[in-house]
Student: 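Pasting in a structure now, in structure tokens, and then I'll have a few things to ask.
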There are 2 protein chains.
Amino acid sequence: MSPRRHSQERAPSQIDVARLAGVSAQTVSRVMSGQPQSVRPETARRVLAAVDELGYRVHAAAASLASGRSRILGVIIVSTDRYSSAALGVGIEQAAAANGYTVTTAAVPDHASSEAFLDAFDRLERQGAEGIVLGVPVELDSPAMRTRTERTPSTRSERTSMDPDAPHAVDQRAIARLAVDHLLDLGHTTVWHVAGDTFWLESDQRREAWEEALRERGITPPPVIPGDWTPESGYRAGRTIAEIPSATAVFASSDEMAFGLIRALHEAGRSVPEDVSVVSVDDIALAAYASPALTTVRQPFEAMGRAAALRLIARIEGKDAVGAVPDVHPELVIRASTAPPRA
Amino acid sequence: MSPRRHSQERAPSQIDVARLAGVSAQTVSRVMSGQPQSVRPETARRVLAAVDELGYRVHAAAASLASGRSRILGVIIVSTDRYSSAALGVGIEQAAAANGYTVTTAAVPDHASSEAFLDAFDRLERQGAEGIVLGVPVELDSPAMRTRTERTPSTRSERTSMDPDAPHAVDQRAIARLAVDHLLDLGHTTVWHVAGDTFWLESDQRREAWEEALRERGITPPPVIPGDWTPESGYRAGRTIAEIPSATAVFASSDEMAFGLIRALHEAGRSVPEDVSVVSVDDIALAAYASPALTTVRQPFEAMGRAAALRLIARIEGKDAVGAVPDVHPELVIRASTAPPRA
DNA sequence: TTGTAGGCGTTATCAG
DNA sequence: CTGATAACGCCTACAA
């Protein structure tokens, strides 16, 4: 069982190419790794011709074993179909490919235990990942995690208080700030908050910043309304808020929740933005097509992914720069879900 | 530059473990690969203890080189943040992990040339992928592609006329059928169609089936309105349709387009579903929170991903079954965007 | 510019 | 049930 190859015999190796081209295996290696100045053009041409004829391709595992470098970037993601994960992934892939790296993923269930994370980490290390992007809310403080991140460079895609030294990650507190200030500047006297899944570090960061922003203006924050990123949870939150006549402004931690929230508000006879203003976070593709179109704080997911990968690659290669790291500032996009409170 | 390891010295190897446990390397190998009956429990325990103490982990590249099996599944995806890609990915990952496989991805830009696909395929083969999931609309008919798929088992996640022998992929024609029949059964006299990006095989399949379904009932299909999956394109299509008073039913090829479509219709003073009914495809998380909630044909993306991966693994291992392949029938979800035409 | 020797960490094979 | 030995395909180091 488990046949080694699927059709015919074994794949052509460096030696096969060398023989056909009439050179040594080493020369083939040099040509494949593209060191221009070390092989005579004519020789290179012969090698390339042989490569082509045989359909030779470098065996990554062998190369990795011999060189000690895998050029593999690991990504730990949670098994969800959330827009953000996908967009982040696109950015990571892109930066990796641009630098000759390959991306290997390890998924963990949503709300997984820290053992599950460690396990994913281990799987990635076993595959030879030289760096790992943490797309999940892992506690980096545990001893087990510490030994791992010490051994294999790792990075987050968002900035949290856990690693404030990640200058190229999105500042979650700034996001809350942008949302709250916008609402307050519009004239609302307070802002309610529908939080994201508390399992995620971002949720707390935003909640704290929301509270802080309110207090700074001398406002006592109303109770937090829990959510979990999903439109369903937003809907539930909306039903709660609909029963609070004094609530005129809400900061929801994700666009998807805003969709649910607004639906609930409408069903309860409260219109948006006339009766209550809503600002959310993410700016997913559909945000502009909600009814009303969502005012939201955009997170540049793709750029965040690129930034995380580049950061990692720079660390792996010990360089300071691997191309310009993209800007990842959050940005308030004003559309139709916010307005001044009714006079 | 390019240090081989990042902290201290080299990682512990099989031999280190063997020495510590007082056994041969081969025994360590046996224990690691979990062949229960071939090692005495007591010996295994000693080995495991050594493994634990040293923090040993199998070096995948070395194992792959020696065994000829990488247990890597490749996935070619297009760089988009579409919900479907993410959900598909989740399913693939899941099935792969459950069977001890690792997933490596190669992204190609949307609308990439076939060279770009071949390139992605090659990258994956170089990494040692034993099977490849094609999450992109590749032409499988070219000679270049044929040699590759012959060498490395590959599969699609959707069923198309190109490979009608994929019984576990979603039947795109059935999707269109479900949509059109629902609308016609409601009493509409014809159904307009907003197509998906023609770059994708699904688009054509659905368009054809839509046409067929109409003709079967003696209806001449109206002209197709082009789209590209995005809400923006749906919006544009909506403006067109709004100017056709006789249009009372629309089949849009994606939920995202339906969002844009409905927005345009509303802006033109035509209400949904009173004036025009809309059914779309996918049933993304937000479909239920559109205004009105979308009647849509659900594609079980996660199950599709799982099915594709399982299919592939079965082929790789030459087995007939690797656990039950999930059902991937599309399903009509009736919500509020469809109704009988006005009397 | 090119070639030779040696070894990377693991598994297959065969012997005991 | 356990061990010795020989690959696996490539790259580093050094020699020519």
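In what follows, chains carry the letters A, B, and so on, assigned in the order in which the sequence lines appear, proteins first and then strands, with residues in each chain numbered from 1.
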Student: Over how many whole Å does the gap from B:H59 atom NE2 to D:dC10 atom C1' extend?
Tutor: 13 Å

Student: Looking at every non-hydrogen atom in both residues, tell me the closest pair between A:F117 and A:A112 and how far apart they are.
Tutor: CE1-O, 3.7 Å

Student: Does a side-chain N or O of A:S67 approach OP1 or OP2 of D:dC10 to a distance below 4.0 Å, or not?
Tutor: no

Student: Might you list the N or O atoms of the protein lying below 3.5 Å from N or O atoms in nucleotides 2-6 of chain D, with each pair's distance?
Tutor:
{"residue": "D:dT2", "atom": "OP1", "partner": "B:T43", "partner atom": "OG1", "Å": "2.4"}
{"residue": "D:dT2", "atom": "OP2", "partner": "B:R40", "partner atom": "N", "Å": "2.7"}
{"residue": "D:dG3", "atom": "OP2", "partner": "B:S24", "partner atom": "N", "Å": "3.1"}
{"residue": "D:dG3", "atom": "OP2", "partner": "B:S24", "partner atom": "OG", "Å": "3.2"}
{"residue": "D:dG3", "atom": "OP2", "partner": "B:T27", "partner atom": "OG1", "Å": "2.6"}
{"residue": "D:dG3", "atom": "N7", "partner": "B:R30", "partner atom": "NH2", "Å": "2.6"}
{"residue": "D:dG3", "atom": "O6", "partner": "B:R30", "partner atom": "NH1", "Å": "3.4"}

Student: How close or far is atom C1' of D:dC1 from atom CZ of B:R45, stated in whole angstroms?
Tutor: 15 Å

Student: Atom CZ of A:R69 to atom P of D:dC10: distance rounded to whole Å?
Tutor: 18 Å

Student: Using atom CD of A:Q127 as one end and atom P of C:dT10 as the other, report the distance to the nearest whole Å.
Tutor: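 The answer, rounded to whole Å, is 13 Å.
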
Student: As a quick check of understanding, evaluate side-chain contact (heavy atoms from CB on, under 4.5 Å) for A:Y101 and A:I316, giving each step before the final call.
Tutor: CA-CA 11 Å; A:Y101 281 74; A:I316 291 169; 3.6 Å; yes

Student: I would like to know whether A:W200 and A:V78 meet side-chain contact (heavy atoms from CB on, under 4.5 Å); could you show each step before the answer?
Tutor: CA-CA 11 Å; A:W200 296 77; A:V78 358; 3.2 Å; yes

Student: Using a distance-only test with no angle check, is there a side-chain donor-acceptor pair under 3.5 angstrom linking B:Q94 and A:S79?
Tutor: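 No, no side-chain donor-acceptor contact under 3.5 Å.
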
Student: Provide, to the nearest angstrom, the distance between the CG atom belonging to B:L65 and the C1' atom belonging to C:dA12.
Tutor: 13 Å

Student: In whole angstrom, what separates A:R126's CZ from C:dT11's P?
Tutor: 11 Å

Student: So B:T152 and B:F121, side-chain contact (heavy atoms from CB on, under 4.5 Å) or not? Walk me through it.
Tutor: CA-CA 9 Å; B:T152 306; B:F121 205 102; 4.2 Å; yes

Student: Could you go step by step and tell me if B:D122 and B:R126 meet the salt bridge (charged side-chain N to carboxylate O under 4.0 Å, His left out) rule?
Tutor: CA-CA 6 Å; B:D122 289 348; B:R126 189 149 32 78; over 6 Å; no

Student: Are any of A:S29's side-chain N or O atoms less than 4.0 Å away from OP1 or OP2 of D:dC11?
Tutor: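 For D:dC11, OP1/OP2 do have a side-chain N/O of A:S29 under 4.0 Å.
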
Student: Could you state the atom-to-atom distance from CZ of A:R19 to P of C:dT4 in whole Å?
Tutor: 13 Å

Student: Between the side chains of A:T104 and A:Q127, is a donor N or O closer than 3.5 angstrom to an acceptor N or O?
Tutor: no

Student: Nearest whole angstrom, please: distance from the C1' of D:dG9 to the CE of A:M32.
Tutor: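 Answer to the nearest Å: 13 Å.
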
Student: Under 4.0 Å, heavy atoms only, any strand: does A:V28 hit a base, just the sugar-phosphate, or nothing?
Tutor: nothing

